Amino acid sequence: MPGEILINGKFYSAQMTGVHRVAEELLRALDDLASAGEITLPHAAKIVLPANAARIPRFQNIETAPPGKLPWVWWEQVELPWRARRDVLLNLCNLGPLAHRGGITMIHDAQIYITPESYSRAFVAWYRVALPILGRRSRKILTVSDYSRRMLVAHGVARSDRIVVIPNGVDHILRSTSDMNAFEKLGLADKGYVLALAATHAHKNIGLLFDAFRKMPDLKLVLIGAADKAAFAAKGHNAPDNVVFAGRVTDDEMRGLMERALCFACPSLTEGFGLPPLEAMLIGCPAIAAPCGALPEVCGDAALYADAKDPTAWGAAINALRADSNLRAEKAAAGITQASRFTWRNSARLLADVLNQA
């Protein structure tokens with residue numbers, strides 16, 4: 001049927017990432033709002049999937065088409081543009097078919113231009129070809145912060161008047177039930193550790209935390225994610241003995257760790273949004289962030305800030321929370337208030353407006 005809204009479901013064939021979470025949460029919220037009668041979705045909104053889809057989504061108000069014939073990138077770049085040739089195509093995960101015109105594409109950030117050293121040469125080369133083409137051929141570009149909008153404009157991806165900012169939500173963390181399994185397995189003490197992501201990308205700047213924690217041997221740094229000590233060493237960052245590599249954890253275990261952490265640390269040199277510190281803030285874990293990228297925009301005055309190139313400043317901010325329970329309580333309360341502003345339903349309403357205009 002001509003005139004459908006098709007949703008690019010390639011992300012259902014991949015392991016969950018931050019970008020994929022955004023896509024799934026936006027679609028869940030769209031569906032919930034439509035069920036509640038709070039929005040009207042365009043007729044025939046439908047998710048289309050590659051042949052290797054690992055999960056088949058089920059919604060009340062968004063249809064799911066049978067999987068296509070090709071897998072992964074081949075499906076997206078060859079089969080999908082033909083399938084969507086008469087339709088508006090919504091791409092929520094940075095990429096879409098380059099041959100399609102008139103779609104709506106969410107590009108989360110401009111990191112490949114700002115910190116190309118965080119990625120492989122092949123990845124950077126492909127995205128630097130793809131993003132400006134999508135910027136020209138899409139009827140609207142969506143992004144997650146005003147900072148990302150400015151960076152996409154500055155690097156020639158799209159004009160400002162064609163970019164719509166739809167912030168991430170954060171309230172998905174409230175659906176989790178606090179699980180103490182990871183906390184107990186790692187032998188942690190309440191408020192005896194700082195939480196951060198185990199990300200080796202250069203712009204995540206976790207090596208700075210290693211330098212800070214060498215001077216705080218009585219406090220642990222717990223890193224969540226797949227990267228281990230050897231992965232950081234391969235990037236030139238040798239972790240001190242008080243760094244704990246927790247590996248991958250469930251959402252429930254993540255909540256349990258956040259609730260008992262002294263704080264969450266985000267020393268990134270740039271972020272398109274900055275979801276993890278906001279997740280921590282929503283459940284009462286104060287955040288310390290670098291004043292870089294979208295982090296000040298998202299965290300506001302509720303976070304503490306420390307220079308992204310000064311380990312001593314990070315040690316001072318962490319010790320301030322350790323030494324002053326009133327400061328920690330103040331930042332915890334402020335963080336809940338700030339993070340509560342970012343809900344998936346609010347974001348989905350903005351997305352619904354864009355879809356209905358299309």
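Numbering starts at 1 and runs along the sequence shown. From a predicted model like this one, the values you see are computed outputs, not experimental measurements.
To the nearest 0.5 angstrom, Met216 atom CE is 10.5 Å from Trp314 atom CH2. Note that CG of Leu186 is 8.0 Å distant from NZ of Lys220, once rounded to the nearest 0.5 Å. Put simply, CD1 on Ile7 and CG on Leu27 are 5.0 Å apart, with the number rounded to the nearest 0.5 Å. Of the inter-residue distances, the one linking Thr343 atom OG1 with Glu25 atom CD reads 11.0 Å to the nearest 0.5 angstrom. In this structure, the separation between OG on Ser268 and CG on Leu197 is 8.0 Å, given to the nearest 0.5 Å. Interatomic distance, Leu221 CG to Leu223 CG, rounded to the nearest 0.5 Å: 4.5 Å.
Residue pairs meeting the salt bridge (charged side-chain N to carboxylate O under 4.0 Å, His left out) criterion with at least one partner in residues 180-206, sequence neighbours excluded, are Lys204-Glu271. The list of salt bridge (charged side-chain N to carboxylate O under 4.0 Å, His left out) pairs with a residue in residues 241-256, not counting sequence neighbours, reads Arg21-Asp251, Arg255-Glu259. Judged as a ring-ring contact (aromatic ring centres under 6.0 Å, His included), the pairs with a partner in residues 207-228 (not counting sequence neighbours) are, in order, Phe210-Phe232. Pairs passing the salt bridge (charged side-chain N to carboxylate O under 4.0 Å, His left out) check and including a residue from residues 146-161, sequence neighbours excluded, read Asp146-Arg149, Asp146-Arg150, Arg159-Asp161.
For His237 (side chain) and Leu208 (main-chain N/O), no donor-acceptor pair under 3.5 Å exists by modelled atom type. Checking side-chain atoms of Asn205 against main-chain N and O of Ala308 turns up a donor-acceptor pair under 3.5 Å. His100 contributes a side-chain N or O that, together with a main-chain N or O of Ala84, makes up a donor-acceptor pair within less than 3.5 Å. Looking only at distances, a side-chain donor or acceptor of Gln77 sits under 3.5 Å from a matching main-chain atom of Gly96. Proximity of a side-chain donor or acceptor of Asn91 to a complementary backbone N or O of Thr105 within less than 3.5 Å is not detected. A distance-only check finds a donor-acceptor pair linking the side chain of Thr64 to the backbone of Pro57 [under 3.5 Å]. Under the 3.5 Å distance criterion, the side-chain polar atoms of Glu76 are left unmatched by any main-chain donor or acceptor of Lys10. Judged by distance alone, with hydrogens and angles left aside, the side-chain atoms of His20 form a donor-acceptor pair with the main-chain N or O of Gln15 at under 3.5 Å. Here the side chain of Asp31 pairs a donor or acceptor atom with the backbone of Gln60 at under 3.5 angstrom. A donor-acceptor contact shorter than 3.5 Å is absent between the side chain of Asp324 and the backbone of Ala320.
Nearest heavy-atom pair across Leu95 and Ala130 is CD2-CB, 3.8 Å. Pairing each heavy atom of Ala317 with each of Leu304, the nearest pair is O-CD1, 4.1 Å. Of all non-hydrogen atoms in Ala294 and Gly272, the two that sit nearest each other are CB-O, 3.3 Å. Of all heavy-atom pairs between Ile47 and Phe59, the closest is CD1-CE1, 3.5 Å. Nearest heavy atom pair, residue Phe342 against residue Val298, reads CE1-O, 3.6 Å. Residues Ile288 and Ala306 come closest through the heavy atom pair CG2-CB, 4.3 Å.
Within a 6.0 Å radius of CZ in Arg85, more than 12 heavy atoms belonging to other residues, nucleotides or ligands are found. Annotation for Arg121: atom CZ does not count as buried by contact number, only 12 or fewer foreign heavy atoms lying within 6.0 Å. Annotation for Glu117: atom CD counts as buried by contact number, over 12 foreign heavy atoms lying within 6.0 Å. Other residues, nucleotides and ligands place no more than 12 heavy atoms under 6.0 Å from the CH2 atom of Trp82.
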- request: Start with the C-alpha distance between Arg136 and Ile133, add both sets of side-chain angles, then the distance that settles side chain to side chain contact (heavy atoms under 4.5 Å, CB included), and finish with yes or no.
  value: CA-CA 5 Å; Arg136 290 193 302 271; Ile133 293 175; 3.5 Å; yes
task: Could you go through the side chain to side chain contact (heavy atoms under 4.5 Å, CB included) check for Asn61 and Ser35 one step at a time?
output: CA-CA 7 Å; Asn61 304 280; Ser35 294; 2.7 Å; yes
message: Using side chain to side chain contact (heavy atoms under 4.5 Å, CB included), reason through Leu278 and Leu282 one step at a time and then give a plain yes or no.
response: CA-CA 6 Å; Leu278 211 62; Leu282 187 59; over 6 Å; no
- prompt: Can you list the steps and then say if Tyr147 with Thr270 is a side chain to side chain contact (heavy atoms under 4.5 Å, CB included)?
  reply: CA-CA 10 Å; Tyr147 169 78; Thr270 178; 3.0 Å; yes
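A donor-acceptor pair shorter than 3.5 Å cannot be found between the side chains of Asn168 and Ser347. A donor-acceptor contact closer than 3.5 angstrom links the side chains of His203 and Ser118.
Taking the six-membered ring for Trp and thresholds of 30 and 60 degrees, Phe183 and Tyr193 have ring planes inclined between 30 and 60 degrees apart.
By the 4.5 Å heavy-atom criterion applied to side chains, Ile166 and Met106 are counted as neighbours. Residues Ile163 and Val157 form no side-chain contact, since every pair of their non-hydrogen atoms from C-beta on lies 4.5 Å or further apart. Between Val88 and Leu90 the shortest side-chain heavy-atom distance does not fall below 4.5 Å. Put simply, the side chain of Leu30 reaches to within 4.5 Å of the side chain of Leu351, judged on heavy atoms. Contact annotation: the side chain of Phe264 approaches that of Met258 to within less than 4.5 Å [non-hydrogen atoms, C-beta and beyond]. The closest side-chain heavy-atom distance from Pro167 to Asn346 is not below 4.5 Å.
Grouping the Ile, Leu, Val, Met, Phe, Trp and Tyr side chains by contacts below 4.5 angstrom, directly or via other members, places Ile114 apart from Leu269.
Listed by chain and number, the residues in a side chain to side chain donor-acceptor pair (under 3.5 Å) with His172 are Glu279, Trp344 (sequence neighbours excluded).
Summarising the hydrophobic clusters (Ile, Leu, Val, Met, Phe, Trp, Tyr; side-chain heavy atoms under 4.5 Å, direct or chained), the residues clustered with Leu80 are Leu6, Val48, Leu70, Trp74, Trp75, Val78, Leu89.
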